[in-house]
**Student:** 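Okay, here's the structure, questions in a sec.
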Amino acid sequence: MRFTAGGSTTRSWQPTAAGADTTDLHFWLQWRVAVCGLWVLCCVVAAAYLIWRHEGPGAHRRPGGAVKERRNRRPDGLLYDDEAWRPCLRDIHPAWLLAYRLVSFFVLFSLLIVIVISDGGSIFYYYTQWTFMLVTIYFGLATALSIYGCSKFANWNAVAAATDTELGPYAAHGAGNKPTANEEDDGTREIAGFWGYLLQIIYQTNAGAVMLTDCVFWFIIFPFLTVKDYSMNFLLIGMHSVNAVFLLGEASLNSLRFPWFRIAYFFLWTALYVVFQWIVHASTPIWWPYPFLDLSANLAPLWYFAVAFMQLPCYVIFRLVMNLKRNLLSKHFSGSTVVRD
C-alpha cells in the first residue's frame, strides 16, 4: 500500500497484480474458494444470530433471548437516549464531549479529503479506508447527536431553574430536577431512537475494525511487506494511528455501553468488505489489495481463517479498555460516574 509522492503516472500504492484470472468461472469453483466462503458464511450466520437474539429493547422477550439475570438489571441491548450525548461523568458538561467530537470529525474529514485528492477514489479499495471513513461518519453523527443533547440539557436546566424560582425555599427535594443518567431503568428514562442505536452500532463496529486494521498494519504489513509491495510515508502511518487515538479518546469520554454481542456488526462489516472484493474481482482482473485476500494462494483458507479469528482478540482488546475505564471511574469517581453495566 504505497502513498509516496512523486511524478509517476501510475498509482504508486497499488500492489503487484494477481497472476490468476479472477474473471474465469473455473477460478471460483476451486476448493480454496469454497473453504474461504465457508469461513465468511460462518461469520455472517453467527452475526445474524447474535443480532436476532440480543438487539433492541425487546430482545429479552424473544425465544432464547437475553434475560435479566437479576432484578433491576436492564437488557444488554437497551440504549437510553441521553447515553448518546452525555459524558461518562455527571460533573462534565455535555458541551465538552461535543467539542471533542467536533474537533475529531474536522481532523478526520480533512485528512480523508487530503488522501482522496492525493490518491483518488481508488483508496476505498482498501479496508483501511473503509474503516477510516466509518470512523469519520461516526464522529459526524456523534457531533449532531451531541448538539441535540446540549439543547436538551439546556432545556432541562431552564426547567429546573424555573421550578426552583417558583417553589422558592419550600421546594421539595427532587422537584423539578433534570433526569440523571446514572439511575437504572425506572420506567421514566427515554429509550434511544434510530439515530442513537445507529451511533452505538457504528461505535462498536469501529472498535473492532480499527483494532483489526491497525494490528494488521503494524504487525503484518509494516514489518513483513514494506520491502516487497508496500512503502511507507507519514500520511499512511498517521492514518493507522490517528483513528485509534481519536476513538480511544471518545471511549474515555462518552457514556455508551459496550455489550459483547455487538461484535456481530464487526463481523458483518468485515464480511461485507470481503464480498465486495470478490464481486470486484469476479467482474474485472485486478490486483488484490492485501496478499492474504488472494484466493489463488495455496494458504488462502488458512489466511482467511486467521483474519476471521483475529476479529475476536481485536474486539476483546477494546472491551478490556472499556472495562478498565469502568473500574477506574468506579474507584475514583464513584459518586459521579454514569457508566454502569
Side-chain angles (χ1 to χ4, degrees), residues 1-4 8-48 115 119-134 208-232 236 239-240 266-315:
M1 217 185 304
R2 300 181 182 176
F3 287 85
T4 57
S8 174
T9 57
T10 59
R11 296 298 180 187
S12 58
W13 48 267
Q14 293 181 358
T16 304
D21 183 7
T22 56
T23 61
D24 188 353
L25 178 61
H26 294 289
F27 176 86
W28 299 98
L29 298 179
Q30 299 178 80
W31 68 270
R32 290 188 295 268
V33 177
V35 175
C36 293
L38 179 62
W39 300 144
V40 175
L41 180 62
C42 288
C43 289
V44 172
V45 171
I115 295 171
D119 293 288
S122 297
I123 63 166
F124 294 107
Y125 192 53
Y126 291 95
Y127 185 81
T128 297
Q129 276 69 36
W130 276 44
T131 300
F132 196 90
M133 180 180 64
L134 190 65
V210 167
M211 292 296 105
L212 179 61
T213 55
D214 288 3
C215 286
V216 169
F217 177 82
W218 290 111
F219 295 113
I220 297 179
I221 294 178
F222 185 78
F224 300 114
L225 299 179
T226 54
V227 297
K228 182 181 178 182
D229 294 320
Y230 297 80
S231 61
M232 302 294 159
L236 180 58
M239 279 196 62
H240 291 84
F266 175 32
F267 287 166
L268 292 178
W269 178 252
T270 305
L272 178 63
Y273 175 77
V274 172
V275 172
F276 164 77
Q277 285 295 328
W278 290 354
I279 293 175
V280 171
H281 280 81
S283 304
T284 180
I286 193 172
W287 37 267
W288 293 93
Y290 303 104
F292 44 81
L293 287 181
D294 189 353
L295 290 169
S296 63
N298 292 329
L299 295 179
L302 182 60
W303 274 115
Y304 273 73
F305 176 80
V307 173
F309 179 80
M310 279 183 62
Q311 293 177 102
L312 294 174
C314 289
Y315 194 81

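One is the number of the first residue; the rest follow in order along the sequence. The shown structure was predicted, so the numbers you read here are calculated from the model rather than taken from an experiment. These values consider heavy atoms only, across backbone and side chains, with no hydrogens, waters or symmetry-generated copies.
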**Student:** Once side-chain contact (heavy atoms from CB on, under 4.5 Å) is applied, do any residues pair with Pro285, and if so which ones, sequence neighbours excluded?
**Tutor:** Asp21, Thr23

**Student:** So which heavy atom on Ile123 is nearest to which on Asp119, and how close?
**Tutor:** CG2-CB, 3.5 Å

**Student:** Quick one: pull up CG in Asn298 and CH2 in Trp303 and give me the separation to the nearest 0.5 Å.
**Tutor:** 13.5 Å

**Student:** Report the residues that fulfil side-chain contact (heavy atoms from CB on, under 4.5 Å) with Leu25, sequence neighbours left out, ordered by chain and then residue number.
**Tutor:** Leu29

**Student:** What closest approach, in Å, do Ser283 and Ile279 show between heavy atoms, and which atom pair accounts for it?
**Tutor:** OG-O, 2.8 Å

**Student:** For the residue pair Trp278 and Tyr304, categorise the inter-ring angle as parallel (less than 30°), tilted (30 to 60°) or perpendicular (more than 60°).
**Tutor:** tilted

**Student:** Could I get the full list of side-chain contact (heavy atoms from CB on, under 4.5 Å) partners for Thr284, not counting sequence neighbours?
**Tutor:** Val280, Ile286

**Student:** Please tabulate, for side-chain N and O atoms in residues 32-41, each donor-acceptor pair with protein atoms closer than 3.5 Å (sequence neighbours left out).
**Tutor:**
unit_1	atom_1	unit_2	atom_2	d
Arg32	NE	Leu295	O	3.4
Arg32	NE	Ala297	O	3.4
Arg32	NH2	Gln30	OE1	2.5
Trp39	NE1	Pro301	O	3.1

**Student:** Working to the nearest 0.5 Å, report the span between OH of Tyr126 and CD1 of Ile115.
**Tutor:** 12.5 Å

**Student:** Not counting sequence neighbours, which residues clear ring-ring contact (aromatic ring centres under 6.0 Å, His included) with Tyr315? List them please.
**Tutor:** Phe258

**Student:** Heavy atoms only: give me the nearest Cys43-Ala308 pair and the separation to one decimal.
**Tutor:** SG-CB, 4.1 Å

**Student:** Which pairs of donor and acceptor atoms, one on a side chain in residues 266-273, lie under 3.5 Å apart (sequence neighbours left out)?
**Tutor:**
unit_1	atom_1	unit_2	atom_2	d
Thr270	OG1	Tyr127	OH	3.1
Thr270	OG1	Phe266	O	3.2
Thr270	OG1	Gln311	OE1	3.1
Tyr273	OH	Tyr125	O	2.9
Tyr273	OH	Tyr127	N	3.2
Tyr273	OH	Gln277	NE2	3.2

**Student:** List in chain and number order the residues that pass side-chain contact (heavy atoms from CB on, under 4.5 Å) with Val307, two or more places apart in sequence or in another chain; answer none if no residue qualifies.
**Tutor:** Phe292

**Student:** More than 12 foreign heavy atoms under 6.0 Å from CZ of Phe276: is that the case here?
**Tutor:** yes

**Student:** Are there over 12 heavy-atom neighbours, none belonging to Trp28, within less than 6.0 Å of that residue's CH2?
**Tutor:** yes

**Student:** Between Met310 and Cys215, what is the shortest heavy-atom contact and its length?
**Tutor:** CE-CB, 4.4 Å

